Amino acid sequence: MVLEIRNLDLHFGALYVTRDINLTLPRGARHALIGPNGAGKTTLVNLLTGQLKPDSGKILLDEQEITRLPPHQRARRGLGRTYQINALFRSMTPVEAVSLAIAQRDGNALRVFGTAALGRRTGEEARELLQAVGLGQYMNHMTRELPYGVQRLLEVALALAGKPKVLLLDEPAAGVSTQAGDQLFRLIDSLPSDLAILLIEHDMRLVFRFAKRITVLVGGGVLVEGTPEEIGADQRVRDVYLGHKHAA
Ligand SMILES: Nc1ncnc2c1ncn2[C@@H]1O[C@H](COP(=O)(O)OP(=O)(O)OP(=O)(O)O)[C@@H](O)[C@H]1O
Ligand SMILES: [Mg+2]
């Protein structure tokens with residue numbers, strides 16, 4: 001298993017936001033995490049990336065425990081997530097931003113624009129990655145001037161620049177047009193088959209298209225995990241979440 005979550009708990013006072021969560025992702029997983037607002041989905045992502053520390057339980061990446069490691073060490077070991085593009089990246093072109101992310105991955109952040117050979121190699125890798133994710137035509141534009149949907153694609157490209165083994169996507173298409181969302185999901189469909197992906201998404205059309213397995217969170221705990229067919233047919237899931245949103 002590339003990612004293992006064992007008996008993870010987090011509470012704020014009497015409120016359990018993460019309740020005895022067990023979840024495993026094999027290499028190449030296409031796993032969706034769904035559940036109503038406030039179910040604890042984003043909290044779980046923050047526990048995985050190290051923004052939050054659990055009260056008890058374990059997280060293993062590639063069989064090694066990472067439960068108490070700081071975020072940058074988890075990233076270096078292959079845990080990738082998307083971040084909103086920050087002010088620094090907004091003032092760069094995509095090729096510059098991705099070059100910087102590649103250099104950070106390789107521990108060369110301070111030198112990337114220093115030596116010509118290093119800069120050339122990094123720039124080449126950045127351009128290839130941007131072409132691969134369909135951003136070729138935008139790569140030399142100023143990022144802050146790009147359409148919002150394109151910026152969201154760039155966020156995925158920046159996460160991929162770290163060469164992750166596990167990619168965490170928390171509502172990647174939130175707030176974008178249907179067309180931009182479809183483009184984003186075509187990109188997600190085209191990602192390497194050995195990359196394990198954990199996706200949080202409210203649009204059930206996208207969830208059922210993407211996922212091989214689905215975990216339903218409610219009140220911080222796992223209500224049920226199964227195949228899309230099993231989840232779509234589960235009466236409890238329909239009662240608490242799916243309702244009429246998904247006509248399976
Ligand atoms: N620092 C905190 N202190 C107290 N409660 C918190 C804290 N952070 C999160 N919570 C609570 O944890 C619960 C889970 O929130 P979380 O953001 O993980 O839900 P979510 O499943 O991602 O919801 P959404 O679908 O709306 O994004 C919520 O009830 C939230 O109010
Ligand atoms: Mg959330």
Side-chain angles (χ1 to χ4, degrees), residues 3 5-25 29-59 66-68 70-71 74-75 79-86 148-149 151-152 155-156 158-159 164 166-178 180-181 184-185 188 196-211 213-226 228 231-232 234 236-246:
L3 184 70
I5 302 170
R6 291 190 196 151
N7 306 109
L8 212 60
D9 270 319
L10 175 67
H11 58 88
F12 298 105
L15 175 71
Y16 270 79
V17 288
T18 304
R19 193 189 297 268
D20 195 26
I21 290 189
N22 288 282
L23 185 69
T24 57
L25 299 191
R30 294 292 184 271
H31 200 117
L33 189 61
I34 66 172
N37 295 118
K41 304 180 297 295
T42 298
T43 303
L44 182 61
V45 166
N46 288 333
L47 286 166
L48 292 174
T49 58
Q51 262 75 32
L52 288 171
K53 296 279 155 60
D55 293 307
S56 59
K58 282 188 179 170
I59 305 166
I66 60 164
T67 319
R68 310 267 150 205
R74 301 182 194 212
L79 196 64
R81 75 172 301 179
T82 51
Y83 284 99
Q84 266 194 315
I85 294 170
N86 61 24
Y148 185 64
Q151 295 195 19
R152 303 307 295 267
E155 289 170 7
V156 177
L158 287 165
V166 178
L167 181 61
L168 307 172
L169 296 170
D170 189 356
E171 303 193 38
V176 308
S177 67
T178 310
L184 194 65
F185 271 82
I188 292 170
I197 304 175
L198 182 65
L199 169 77
I200 296 172
E201 176 58 58
H202 282 292
D203 183 336
M204 288 305 121
R205 181 182 63 97
L206 297 173
V207 166
F208 281 78
R209 192 180 106 184
F210 159 84
R213 287 195 78 75
I214 299 175
T215 293
V216 184
L217 272 197
V218 176
V222 175
L223 175 70
V224 58
E225 179 189 326
I231 298 302
D234 192 300
R236 291 165 303 169
V237 178
R238 289 167 165 269
D239 291 345
V240 297
Y241 185 54
L242 290 178
H244 53 268
K245 276 193 248 173
H246 178 71

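Atoms within each ligand, like the ligands themselves, are counted from 1 in listed order. Quick caveat: nothing in here was measured; it's all calculated off a predicted structure.
Using bins of under 30°, 30° to 60° and over 60° for the plane-to-plane angle, the ring pair F210/F185 lands in the perpendicular bin.
Side-chain atoms of R236 and V216, non-hydrogen and from C-beta on, never get closer than 4.5 Å to each other. For the pair L44 and L8, the minimum side-chain heavy-atom distance is below 4.5 Å.
With K41 contributing its side chain and P36 its backbone, the two residues share a donor-acceptor pair below 3.5 Å. D55 places a side-chain N or O within 3.5 Å of a backbone atom of H11 that can act as its donor or acceptor partner.
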*asked:* As a quick check of understanding, evaluate side chain to side chain contact (heavy atoms under 4.5 Å, CB included) for V222 and N22, giving each step before the final call.
replied: CA-CA 8 Å; V222 175; N22 288 282; over 6 Å; no
Check: After noting the C-alpha distance and the side-chain angles of T215 and I231, does the key distance pass the side chain to side chain contact (heavy atoms under 4.5 Å, CB included) rule?
Finding: CA-CA 8 Å; T215 293; I231 298 302; over 6 Å; no
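Protein residues with a heavy atom under 4.0 Å from ligand 1 are F12, V17, P36, N37, G38, A39, G40, K41, T42, T43, E171, H202.
Partner of T43 under the side-chain contact (heavy atoms from CB on, under 4.5 Å) criterion, out of L48, L217, I21, T18: T18 alone.
Around NZ of K53, the count of heavy atoms belonging to other residues, nucleotides or ligands within 6.0 Å exceeds 12.
Counting only protein N, O or S atoms, 1 lie closer than 2.8 Å to the Mg ion (ligand 2).
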